[in-house]
Structures are given as C-alpha cells and as structure tokens.
Trainee: 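Got a structure for you, written out below as structure tokens; questions coming shortly.
Below, read A as the first sequence line, B as the second, and so on, with proteins coming before strands; counting in each chain starts at 1.
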Number of protein chains: 2
Amino acid sequence: MKKNTNQTYDTGCPVAFALRMFGDQWTLLVIRDMAVKGARTYSELLDGGEGISTNILAQRLKQLEENGLVSKTRDPENWRSFLYALTDKGRDLAPVLAEIILWSGKYNHGDNAMTDTLQKVRRDRSGFEESIRNGAVP
Amino acid sequence: MKKNTNQTYDTGCPVAFALRMFGDQWTLLVIRDMAVKGARTYSELLDGGEGISTNILAQRLKQLEENGLVSKTRDPENWRSFLYALTDKGRDLAPVLAEIILWSGKYNHGDNAMTDTLQKVRRDRSGFEESIRNGAVP
DNA sequence: CATATCAACTTGCAAAAGGCAAGTTGATAT
DNA sequence: ATATCAACTTGCCTTTTGCAAGTTGATATG
C-alpha cells in the first residue's frame with residue numbers, strides 16, 4: 001500500500017483540481033501567451049515578457065500537454081519549429097483569465113497597469129473570450 | 001543600481017499581477033477555505049483538507065495580509081484566537097473562484113469531483129458569489 | 001502553587017523545485 | 001567544412017517546501 005506523505009490525494013475540490021493543472025507561477029503565463037498574445041512556438045513563449053527560463057518552459061509545456069491543455073504539432077512550413085496551441089480544454093480557461101484580468105484591473109494601481117488587454121476585456125468581455133476560443137484549431 | 005536577476009519587474013500584465021498575489025499552490029486554497037468553507041482561524045485553515053503545513057500557512061497568511069486580501073483581528077470571545085477574514089479585495093476573487101470551479105467541473109471526471117460547491121455554482125452562480133461577498137466584514 | 005492545555009506560530013533540517021549558463025541535435029544555408 | 005537556428009537538455013547552485021519538534025502566554029486543573 002502506498003503511503004500518503006501529504007501528496008495530492010484528491011479531495012475532489014474543484015479549486016484544488018485546477019491548481020494541479022496551473023497552480024504555479026508560470027503555467028498560467030504560458031497559457032496567457034498562447035491565448036492572449038498568440039504565441040505559438042517555443043521561442044515566442046520563451047520571450048513571453050516575464051522571463052521564464054528555458055528548462056522551466058520545457059517542463060511546463062510537457063505538463064500542459066500531458067494534462068491536455070496544449071497540443072504540439074510540427075510546423076508544416078518550418079521543419080525546425082513545433083507549433084504549440086491551446087486545446088479546447090485550454091481555451092476554456094478564457095473566462096478564468098477574463099476574471100483574473102478584471103480583478104487585477106481593479107486592484108493594480110501601478111503605472112503601466114492599464115494594458116490593452118484590460119481595456120479589451122472591460123469593453124467587450126465576450127469578444128475577448130471568443131477571440132481566444134477562435135484560436136487556430138489544433 | 002539594482003540588478004534585475006529576473007525578479008518580477010512589473011510588465012503591467014494583469015495576469016502576472018494577480019499571480020504575484022496568489023500564483024502558487026497554496027494561496028488560493030487558503031482563500032477558498034475562507035471564502036467557501038468559512039474558515040476563520042489558523043487551526044481551521046490548517047485543517048483545510050489539502051494538508052498545508054504550518055510554516056507555509058503562516059507565511060501565506062502574512063503575504064495575504066501584506067497584499068491586503070486578508071485581515072487579522074483578535075477574536076473578542078477567545079483571547080487565544082485570531083480571526084482571519086477576507087477583505088473586499090479578497091472577496092472580489094469570488095468570480096475567479098467561480099470560473100475556476102466551473103472549469104474544473106467540466107474537466108474533472110474523478111470519482112468525487114461533483115462537489116456541493118460545484119453544484120451550487122452551477123445552479124446559482126450569483127448566489128455563490130454573493131454568499132462570499134456577504135462574509136463578515138472585517 | 002505546579003502542571004497541563006490550547007491556539008498560533010517559529011525553527012531546523014533534509015528534499016524538491018527553480019534559475020542560470022552552457023551544451024546538444026539535426027537539417028539547411030553559406 | 002562551417003555556421004545557423006529552434007528546441008531542448010544538463011549541471012550546478014540557490015531558494016522554496018515539507019515535516020517534525022519546539023516556543024509562548026494566558027487560563028484551567030489538581
């Protein structure tokens with residue numbers, strides 16, 4: 001019998017379930033880069049803005065793939081590139097992103113806090129969500 | 001001049017801002033315990049279900065207080081207890097929690113995935129959010 | 001009066017995760 | 001023959017976690 005040394009044994013809590021998928025400092029930023037910024041390759045993701053390091057990015061992409069949030073295919077036009085894309089499961093995080101963005105919009109009073117994305121979500125939230133859902137189909 | 005060894009220098013991204021507040025494995029679970037399960041004391045939070053360890057809980061509560069998501073007051077009825085409560089800023093995460101729960105409800109096909117909370121959010125989402133917003137005022 | 005209790009932490013140490021720089025791979029372009 | 005470029009991998013050191021045990025201070029107990 002396996003000893004349970006704390007490790008996630010499923011309590012069934014939906015919040016905990018979600019956190020197992022993207023409950024760390026980087027995963028949601030990777031998703032953001034794909035969903036909002038349209039990043040599709042490893043290089044683009046690496047230059048995502050927040051400075052993720054290459055080993056962590058590789059690890060997170062692998063997890064995201066394993067968890068079915070992201071797909072990885074060869075770029076038909078570039079033998080050397082792979083194309084990463086959100087799956088439906090990944091794109092369905094759009095409402096979560098939207099709420100997070102709105103919350104930050106309310107409470108981040110920093111200088112450059114008023115981003116294009118925030119404005120877009122405020123003005124046309126369902127448009128924002130749709131644009132994510134209409135990302136290229138894997 | 002300070003060297004920026006990666007560390008969070010603000011890109012202004014709302015997602016990144018939010019992740020600085022609760023972008024780790026435990027913080028959102030602590031918020032969940034207060035918002036959804038009504039936990040108010042350190043002991044209650046410690047027994048939150050997922051098995052957070054005491055040093056981490058203490059650390060997270062401190063951060064949450066510093067970031068203004070949680071308030072800490074003495075329990076007027078129990079000299080030994082403190083009462084932790086979500087502030088408005090913390091309660092405003094209700095929609096984020098709701099979306100996370102709905103997402104998990106869609107994709108968690110585990111045995112005990114259909115929790116009371118999920119059902120409540122599905123049936124009466126604004127009621128769920130209101131119940132969080134109506135937590136005792138700090 | 002001495003001792004036990006209880007909530008809320010703190011401390012110490014080993015283990016795991018993260019960050020940084022450098023190296024690898026394999027097909028083209030020069 | 002050598003350089004390039006995207007996508008990783010590897011090694012090493014630092015930081016963060018996890019776990020267990022200890023601390024604190026006011027009451028309750030004997």
Trainee: Whole angstrom is fine here: how far is it from CG in B/Asp75 over to C1' in D/dG25?
Mentor: 17 Å
Trainee: Run the ring pair (Phe, Tyr, Trp, His ring centres under 6.0 Å) test against A/Phe128 and tell me which residues pass, sequence neighbours left out.
Mentor: none
Trainee: B/Thr87 and B/Asp92: side chain to side chain contact (heavy atoms under 4.5 Å, CB included), yes or no, with the steps?
Mentor: CA-CA 8 Å; B/Thr87 61; B/Asp92 278 342; over 6 Å; no
Trainee: Can you check the A/Ile56 CD1 to D/dC12 P distance for me, whole Å?
Mentor: 17 Å
Trainee: Please name the nucleotide paired to C/dT3 by Watson-Crick or G-U wobble geometry with both distances under 3.5 Å, or report none.
Mentor: D/dA28
Trainee: Strictly by Watson-Crick or wobble contacts shorter than 3.5 Å, is anything paired with C/dA21, and which nucleotide is it?
Mentor: D/dT10
Trainee: Provide, to the nearest angstrom, the distance between the CG atom belonging to B/Asp24 and the C1' atom belonging to C/dA17.
Mentor: 13 Å
Trainee: To the nearest 0.5 Å, what is the distance between CD1 (A/Ile52) and CG (A/Leu45)?
Mentor: 8.0 Å
Trainee: With B/Gln63, which residues qualify under side chain to side chain donor-acceptor pair (under 3.5 Å), at least two apart?
Mentor: none
Trainee: Taking only side-chain N and O atoms of B/Arg60, does any of them lie within less than 4.0 angstrom of OP1 or OP2 on D/dT17?
Mentor: yes
Trainee: When both hydrogen-bonding distances must be under 3.5 Å and the geometry is Watson-Crick or G-U wobble, what is C/dT30 paired with, if anything?
Mentor: D/dA1
Trainee: Report the distance from atom CD of B/Glu50 to atom P of D/dT17, rounded to the nearest whole Å.
Mentor: 17 Å
Trainee: Within this structure, what is the CD-to-P distance between A/Gln63 and C/dA16, rounded to whole angstrom?
Mentor: 16 Å
Trainee: Report yes if a side-chain nitrogen or oxygen of B/Trp26 is closer than 4.0 Å to either non-bridging phosphate oxygen (OP1 or OP2) of D/dT16; otherwise report no.
Mentor: no
Trainee: Look up atom CD1 in A/Ile101 and atom CZ in A/Arg122, then write down how far apart they are to the nearest 0.5 Å.
Mentor: 11.0 Å
Trainee: Going by an N to O cut-off under 4.0 Å, is there a salt bridge joining A/Arg40 and A/Glu44?
Mentor: no
Trainee: Separation of B/Leu19 atom CG from C/dG18 atom P, in whole Å?
Mentor: 14 Å
Trainee: Need the pair for C/dC13. Rule: Watson-Crick or G-U wobble, both distances under 3.5 Å, any strand; none if unpaired.
Mentor: D/dG18
Trainee: Any cation-pi pair here, B/Lys72 with B/Tyr84, using under 6.0 Å and within 45°?
Mentor: no
Trainee: Do nucleotides 3-11 of chain D as a string where each nucleotide becomes B, S or -: B if the base has a protein heavy atom under 4.0 Å, S if just the sugar-phosphate does, - if no protein is that close.
Mentor: --BSSBBBB
